[in-house]
Amino acid sequence: MRQAIELNVNGEPHDALVDSRETLLDTLRYKLGHMGPKEGCGNGNCGACTVVLNGAVVNACLVFAVEAAGADVTTVEGVAAEGNLHPVQQAFIEHGALQCGFCTPGFIMSAKALLERNPNPSEPEIRLAISGNLCRCTGYDKIVRAIQAASQALSQTA
Amino acid sequence: MSKKKEDLSVDAFEYAAPQNLQDAVALLAEASGEARPLAGGTDLIAQMKENRRSPSLVVDVKKIPELNVLSYEAGLRIGAAVSCTQIAEFEPVRVHYPALAEACALIGSYQIQNRAALGGNFCNAAPSADAVPPAIAYGAALVIAGPNGQREIPAEDFFVGPGQTVLEKGEVLVEIVLPSPPPHSGAAYLRFIPREEMDIAVAGVGSFVQLSPDARTCGQARIVLAAVAPTPVRAKEAEAFLTGRALDETTLAQAGELASQAASPISDVRGSAAYRIELVKVLTRRTLGMALERARG
Amino acid sequence: MAEYSVIGTSLAKVDAPERVTGKATYGADLDLPGMLWAKLVRSPHAHARIKQIGTSRAKALPGVKAVITAHDLPPLPKGATAPLVGEVSIDMSAIREIVMASDKVRYHGQVVAAVAATDPFIAEEAAGLVDVDYEPLPVVEDVLQAMQPDAPLVHEDLHTLEEATQEKSGQPSNVSTHMVYTRGDVEAGFAAADAVVEKTYTTQMVHQGYLEPQACAARIEPNGKVTLWTSAQGHFTVRTQLVTLLGLPASQLKVVPMEIGGGFGGKALALFEPTAIVLAQKTSRPVKLVVSREEVLRATGPGAPAVITVKAGATQDGKITALTTTMRYDAGAFPGSPVARGLLVGLAPYKLDNMVAEGFDVLTNKPRVQAYRAPGGTPAAFAVEALMDALAAEIHVDPLAFRQKNAAEEGDTLPLGMPLNRIGLTQMLKQIETHPCWTTPLEGPHRGRGLALGYWIGGSFTSSAEVKINPDATASIFVGTVDLTGTRTTISQMVADELQLDPQDITITVGDTDSAPFADLSGGSRITYTMSAAAHQASQDVLTQLKERAAEKLKVSIAEVEYQAKRFWAKDDTRNEVNLAELARESVAWGSGPIIGKGSTTRMQPAHAYAAHVADVEVDPDTGKVTILRYTCFQDVGKAINPTQVEGQIQGGAVQGIGWALNEEYIFDNGELKNASLLDYRCPVALDLPMIETVLTEVPASEGPYGLRGVGEVPIVPPGAALANAIYRATGTRLYELPMNPERIFWATRGNGTNGSHGANGSGGE
């Protein structure tokens, strides 16, 4: 079954004709050209596909595209406002919080969402917030430190 | 030829997103093949990708007002499509039903909790469902709508076996209703997993304790076990043992031993049956201790 | 040593901005016009003869453009090899069977056919319509069972190669190679010992766990030439394999490296690329092949498990007198386990005058193993380092003092025969002595501290670099080495210092096989090390060319030209100068033309890397669950070119080792993997871990312009034993089997369960 849907991605309206079997991740990547969210497992266990759907972080691989009809979606491509990197992105660069980078789009989305609901998280709160995102390169140490730094940077600008 | 398990894609299906309960019931009742309601989808979509379920009709219930209720008046009403995050963050749940709030915050990651619905946790009927034991421990009832109208059943009577419930064709779980916790009562849920997050419970226990009016003995207890039987199960012998007794460490440990007799686990990749039995003892003792502390305020 | 301004600083990764914004392009991100989607058909049996493959139903499905089986791959004589790295070759007839099985499947999930269709849903459906008729055969799953004479044979025609004599056994066997290395007199050594401990240790198959599933795409150009895009650890290495597998000359194969989402050794071989190319040839359309996570876990090639027996004796004062070990490594369904590396890594930290080291490469009906970070090292070090801890305890010597007493030094001979050049093991161990992670008392019940050592030989092989001066006096670096770990950044740092340029004025590109200078694959901690020589050489070449031109303008001899900060001047007349901008601009205006410096290296001495990890744990006595309280990694890195990146390598490697130690394992049932998802294959999540502290020792390597050592492999080696030794101090029970998951610890501490191999070890404590 195919269905036409509309959705807003990073503030831009889009139309797509989607198969009912298609996930939001498939549609974002292969119909709308947003290759930022990655498929690491396809089953909600790795978090590489994390996007914000109507204000909440979700695994785009566990949402059917048809469910997202009319939704607002933010992907990693929509995080840098007018070309300026978000403090979380800046902190990931400065603190060496990435190696291969495949998991990074998901981590950026989870970290940004965390700091929006809890601007001054403790280390355990940070670790909990990113426990749905697997990273195999860094051992998480520098990711946690980057999020701590981003939290500080945001509180200074706030 | 059957599909192979490594196929991470989905058989073709029809999708519908009705705006009201009547339409949902009608769609499910009139479906020719297998029809499944879809709430958060974190179980169903994963299962469809693994070809463990292949419905020909998927009915998205997230747009139905009755399934999005979340209120606390005489008791707690949770629409079946309300997400774990909404439940865990709902102030009355945090205050009056902390065991349920904790369980909702245990299910998967934030990403999962933002989608996964309590109704889905029930309807998926996994023996390991984390939110079910605390709901049963709090004395939950389930409101079910179907072609013949609505019915209400005790939550613990909902399950038939792994992945199977009492829902008849055309029936939809509408609401989970929890009574107001009585005075001097408390509850807790703990599960055991090898990692700190992102695992399915090897064993889980939800315990509820209501103290006698003089607060010296146990007036009533409910102990619900997860992942150690084909369905969530009450440890009724342990509950009966506790009633009327002073709750010291020895008594709680004895209750753990008794609770483990209600378990009939299997051995699988997540743990052996023998280990699960041992975990039930530990988790029962620990959850009873926490529940007791909460009951004493 | 020279002073540097960029080397030794934590320059941000040059490729980080595209990664934090989601713009970096990995294999699966390719979207080519008219592209077809491939899907592999896999065996549901771990061992079976293929009687027949029916493709007609699949071909009849609308949208299906091709269905292929092994018969559609070019024929390849049995035993045909291709060079892998340096002098090491690989049996391509075995690789061809992994690409697509011809007559027999030898592991569950082995590929038997492939389809290409217009969308992934059709490809999926078509794969299900390929009818394969199998005759199931008995499965051999366990490495010790596979070594029994009556075991089912994975290959009916395979005979054991005796490495020393190069002779083959008379009877066919599942043991592909047997090797023995001896030194001194072990009987006399054991006789001189005051204590002797012997134990057997078991580890399970594990997966590298790279986040990106394998992905590649192929297109046949109008002139018949193949363009292949792939996320692999070495695109030249892939090309070399394809030359043999497909019978095409290298000039007809352009392999374009995509960004790679982790490899850790698991993306070295061309296991998917041949299929994409053959499907593209059959259909005359571009074909993309992306595998699922489940396929990744089932059949891409995990890290090798092993059963290892170690026996060692020591005198009362802590001197090792003799050691014997037997290491049995499971290669999976085709020969090639890293058993020799296991022998080397396990024993390399110690002076061993009397030693017998025996290894077996064993075949089972499991996926053929691939390299995984310090291949072979982690099981070996788990065994040896846990045994050394037990031996030290037996003679009441502090575990650190015991290591210090027996630590290998420069000039000592490694177990497989090579003499050690300059190493920093002694200096590193000295640093532990006074570090708070070792000196702070660990208080509280159920807590313990463990120490273990690790080693990696460091890789060499071929690396090359080109450095070009652009007309505006900026520089471009061009390499053929895939960047897995941040090597673009470290290479840029080296060139920046050599040319005294701002890193902002330097760009670096990893080019395709048609344009970039040749490089072997990225692995074995070899890229930063070998590229330091190549980039240094290329930079010096650039400086020499510039100085020649400056000398001409300054009218002095080249020997008299000095260079600093973009200025060239005559040694004796500082006012007689010419600047870099001028030379750069003129290089494309007249005269000798553009300035292109070249550097390459094919063989460097090993830059041996040693590490030691100290772990503090708490064990829940009721459940057996381990919480890591503190974790500290010491490592001799030679010279940290980029300290942040070095720390990141150490932290990432340590955490992979922690995962291997505590929870990761393949669980099989009659050869079928039962936990083929990232839910039940339990890689560590952030909440499982503390911060990972790193302490760097810098004893320069014997070779290379900066004294650096490759750092990536060794941190995965010590965690198994560091944690086992800590768990012993927390519980009084020694664990003999990885992973030390809660259930295994629960039963071991109660004296039940297997706890190691086949009941060989008796009761837990000593």
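Lettering follows sequence order; numbering is per chain, from 1.
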key: Partners meeting side chain to side chain donor-acceptor pair (under 3.5 Å) with C/N675 (sequence neighbours left out)   = none

task = Output the option from A/V76, A/D141, A/I126 having the highest count of non-hydrogen pairs under 4.5 Å with chain C.
result = A/D141

query = Is it the side chain or the backbone of C/Q208 that comes within 4.5 Å of chain A heavy atoms, both, or neither?
reply = backbone

inquiry  = Shorter than 4.5 Å, heavy atoms on both sides: which option in C/G261, C/A654, C/G659, C/G712 has the most such pairs with chain A?
reply    = C/G261

Atom group of A/Y140 that falls short of 4.5 Å from chain C, counting heavy atoms = side chain

Derivation and outcome, salt bridge (Lys or Arg N to Asp or Glu O under 4.0 Å), residues A/R127 and C/D688 = CA-CA 8 Å; A/R127 288 186 181 274; C/D688 295 333; over 6 Å; no

ask   = Side chains of A/N43 and C/R293: does their closest heavy-atom pair fall under 4.5 Å?
value = no

remark   = Between A/N45 and C/L678, the two heavy atoms sitting closest are CB-CB, 3.9 Å

inquiry  = So for A/F107, is it side chain, backbone, both, or neither that comes closer than 4.5 Å to the heavy atoms of chain C?
reply    = neither

note = Scored by heavy-atom pairs under 4.5 Å with chain C, the best of A/L98, A/I130, A/T104, A/I108 is A/L98

ask   = Where is the tightest heavy-atom contact between C/Y210 and A/R136, given as atom of each residue plus distance?
value = N-CG, 4.3 Å

Taking every non-hydrogen atom, the tightest pair across A/G96 and C/T644 = CA-CG2, 3.9 Å

request  = For each of A/C137, A/G36, A/A97, tally heavy-atom pairs with chain C at distances under 4.5 Å, and name the one with the top tally.
outcome  = A/C137

inquiry  = Between A/T138 and chain C, with a heavy-atom cut-off of 4.5 Å, which part of the residue counts as in contact: side chain, backbone, both or neither?
reply    = backbone

message = Could you check whether any side-chain heavy atom of C/L211 comes within less than 4.5 Å of a side-chain heavy atom of A/C46, counting everything from C-beta outward?
response = yes

query = Are side-chain N/O atoms of C/Q645 and A/Q99 paired as donor and acceptor at under 3.5 Å?
reply = no

Chain A interface, residue from C/G486, C/A24, C/P684 that has the most non-hydrogen pairs under 4.5 Å = C/P684

query = Side chain, backbone, both or neither: which part of A/H34 has a heavy atom under 4.5 Å from chain C?
reply = neither

task = State, with a plain yes or no, whether a side-chain heavy atom of C/V20 is found less than 4.5 Å away from one of A/I93.
result = yes

Interatomic spacing from CE in A/M35 to OG1 in C/T25 - rounded to 0.5 Å = 8.5 Å

Chain A contact via C/P690 - which portion, at a heavy-atom distance below 4.5 Å = backbone

note = A/P105 and C/G22 have their tightest heavy-atom pair at CG-CA, 4.4 Å

ask   = Top residue by heavy-atom pair count (under 4.5 Å) with chain C, among A/K38, A/E94, A/Q90?
value = A/K38

ask   = Would you find more than 12 non-hydrogen atoms of other residues, nucleotides or ligands less than 6.0 Å from A/E123 atom CD?
value = yes

message = Given heavy-atom pairs under 4.5 angstrom as the criterion, report whether the side chain, backbone, both or neither of A/L85 touches chain C.
response = side chain

query = What part of C/I692 is in contact with chain A, defined as an atom under 4.5 angstrom from a non-hydrogen atom: side chain, backbone, both or neither?
reply = both

Closest heavy-atom pair and its distance - A/G40, C/P213 = O-CG, 3.8 Å

message = With a 4.5 Å cut-off on side-chain heavy atoms, are A/V144 and C/M691 touching?
response = yes

ask   = Is any side-chain heavy atom of A/C100 closer than 4.5 Å to a side-chain heavy atom of C/E212?
value = no

inquiry  = Heavy-atom pairs under 4.5 Å with chain C: which of A/R21, A/H95, A/E77, A/R29 has the most?
reply    = A/R21

key: Under 3.5 Å: donor-acceptor pair, side chain of A/Y30, backbone of C/D31   = no

request  = Check each atom of A/N133 against the heavy atoms of chain C and say whether the ones under 4.5 Å are side chain, backbone, both or neither.
outcome  = neither

